[in-house]
J.: 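Before I ask anything, here is the structure I am working with.
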Number of protein chains: 2
Amino acid sequence: MTDNPNQKPHHHGDLRSALIQAGIALLSEGGKDALTLRKCAARAGVSHAAPAHHFDGLDGLRGAIAQEGFRLFRLSMLAACDDSNPSDLDRLKGICSGYLNFAIKNPALFELIFSSAPMAGLNRDLKQGTAFAYEVLRDACAPFAAPGQDPQVVETQVWSLIHGYTHLYMASRFGPVDPLQQARGPFDAVMALLDKLVAPPPKA
Amino acid sequence: MTDNPNQKPHHHGDLRSALIQAGIALLSEGGKDALTLRKCAARAGVSHAAPAHHFDGLDGLRGAIAQEGFRLFRLSMLAACDDSNPSDLDRLKGICSGYLNFAIKNPALFELIFSSAPMAGLNRDLKQGTAFAYEVLRDACAPFAAPGQDPQVVETQVWSLIHGYTHLYMASRFGPVDPLQQARGPFDAVMALLDKLVAPPPKA
DNA sequence: CGCTGAACTTGACAGTGTAAAGATCAGATC
DNA sequence: GATCTGATCTTTACACTGTCAAGTTCAGCG
């Protein structure tokens, strides 16, 4: 009866995750505006109103996609510095490199997860996903906190620097974007600012 | 005949600029998604298809609004550091302060002007508007370029830092946004990284 | 067997961008 | 002055979107 895989059942089985994957694919293929409830539904083989039973409207789907996006984002940062044990500075720059690489490989997804939706409106699972990714950055920044200084300061400095560079690079502010990640603009020159974290100014 | 000001003429007179102003107002009131060709037209008192004669679709209107946005953005940066002659560092931090202030006062407009529309697709006037605003940042960075170093390096470092901070702050990544610009998050702590531009590390 | 509730479909509606075709009018030309 | 011309704006229409309301299907259970 239902053994025939060609015969789609009334219940999809795992529609929620199928819609999220469809959404990521649409973002990847057509950019931010290509993410549509109806197109996601069509790609998952269900009717246009089916997603409403799994997400709270389009924003709900965006949130679920963002959660998955943060998971991939974290993996990209970790993958860029899993060498043997390099110096603390190399490790931090590796994290930043993974930060940028994720945006280059997933422009629309990167834009989505850092879109201006106020954090207050995020559900708990998504908040946890962002915190989990932030942990990677925090760990890499830990060795650079001056004694007696709030470690958040260095974290915020590094985060601002790499995030700003990535966002401006993706907006073609440093020249055309290279999807092959060969030319990443003045990435190394900008990241050289991090060198000054380890060599504090002389007390004079 | 046509002396009666209550009697609206067939020709608007300055519809193009009226639509841009209407668009900025809509962005300010309702955020990024509130910018709509039809709503702009209605606010300007014309039919919904009238904007098509002045802009190349919604993206064309966005570009025109961005051009005006860059003009205001530049003024905001200049306004934040027009004191008497402070130090180079104070002046640079003032520019950064104006950068952030503009985003706080015009969240949707800030998002629009730095949206990921590739620079390649921008028209010449808009490109010139962005270059004009960038000039302010470049001038403020000039005193910090190490001798023999490409001044673009410092410019890109500073730009990345302030842009990343602003973008993350506006996404409520450093806590809730204060529209009154009283609490700007760890702004001063992050900008302290710029101190290291003037005090290079010792040579060993 | 029949019930119940979740999963999904169908149909409808308002709002959107955009294109085509017509109406209006200021200004130049004759 | 009369007429032509082209820019400006309106009207109409269409496809697509998110969202709601109501109906349909079906697995699991008493």
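Chain letters run A, B, ... following the sequence lines, proteins first, then strands; residues in each count from 1.
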J.: Using a strict 4.0 Å threshold on nitrogen-to-oxygen distance, state whether B:D195 and A:K196 make a salt bridge.
T.: no
J.: Determine whether the aromatic ring centres of B:F187 and B:F174 lie less than 6.0 Å apart.
T.: no
J.: Taking the minimum atom-to-atom distance to the side chain of A:R38, which one of D:dT17, C:dT16, C:dC8 wins?
T.: D:dT17
J.: Rounded to whole Å, how long is the line connecting atom CG of B:L26 with atom P of C:dT16?
T.: 10 Å
J.: Which is it for B:E29 and B:K39 under the salt bridge (Lys or Arg N to Asp or Glu O under 4.0 Å) test, yes or no, and what are the steps along the way?
T.: CA-CA 12 Å; B:E29 295 167 13; B:K39 277 192 265 193; over 6 Å; no
J.: Between D:dG18 atom C1' and A:K39 atom NZ, what is the distance in whole Å?
T.: 13 Å
J.: Counting only side-chain heavy atoms from C-beta out, which of C:dT18, D:dT11, C:dC8 sits nearest to B:S47?
T.: D:dT11
J.: When you measure from the side chain of B:L15, which nucleotide among D:dC9, C:dA19, C:dC8 comes out closest?
T.: D:dC9
J.: If I take atom CG in residue A:D14 and atom P in nucleotide C:dA7, what distance separates them, rounded to the nearest angstrom?
T.: 12 Å
J.: B:H48 has a side chain; which of D:dC20, C:dT18, D:dT19 sits nearest to it?
T.: C:dT18
J.: Can you measure B:R62 atom CZ to C:dT16 atom C1' for me and round it to whole angstrom units?
T.: 12 Å
J.: Whole angstrom is fine here: how far is it from CG in A:D59 over to P in D:dT17?
T.: 17 Å
J.: In terms of side-chain heavy atoms of A:H54, which of C:dC8, D:dT10, C:dG11 is nearest?
T.: C:dC8
J.: Which nucleotide in the set D:dA21, D:dG18, C:dC8 lies at the smallest distance from any side-chain heavy atom of A:A49?
T.: D:dA21
J.: Can you confirm whether or not the ring centre of B:H167 sits under 6.0 Å from the ring centre of A:F114?
T.: no
J.: Using whole Å, what does the distance between atom P of nucleotide D:dT17 and atom CG of B:L58 come to?
T.: 16 Å
J.: Salt-bridged, A:R62 to A:D59, with N to O below 4.0 Å?
T.: yes
J.: Nearest whole angstrom, please: distance from the C1' of C:dT9 to the CG of A:L37.
T.: 16 Å
J.: Between P on D:dC16 and CG on A:L35, what's the gap in Å once rounded to a whole number?
T.: 17 Å
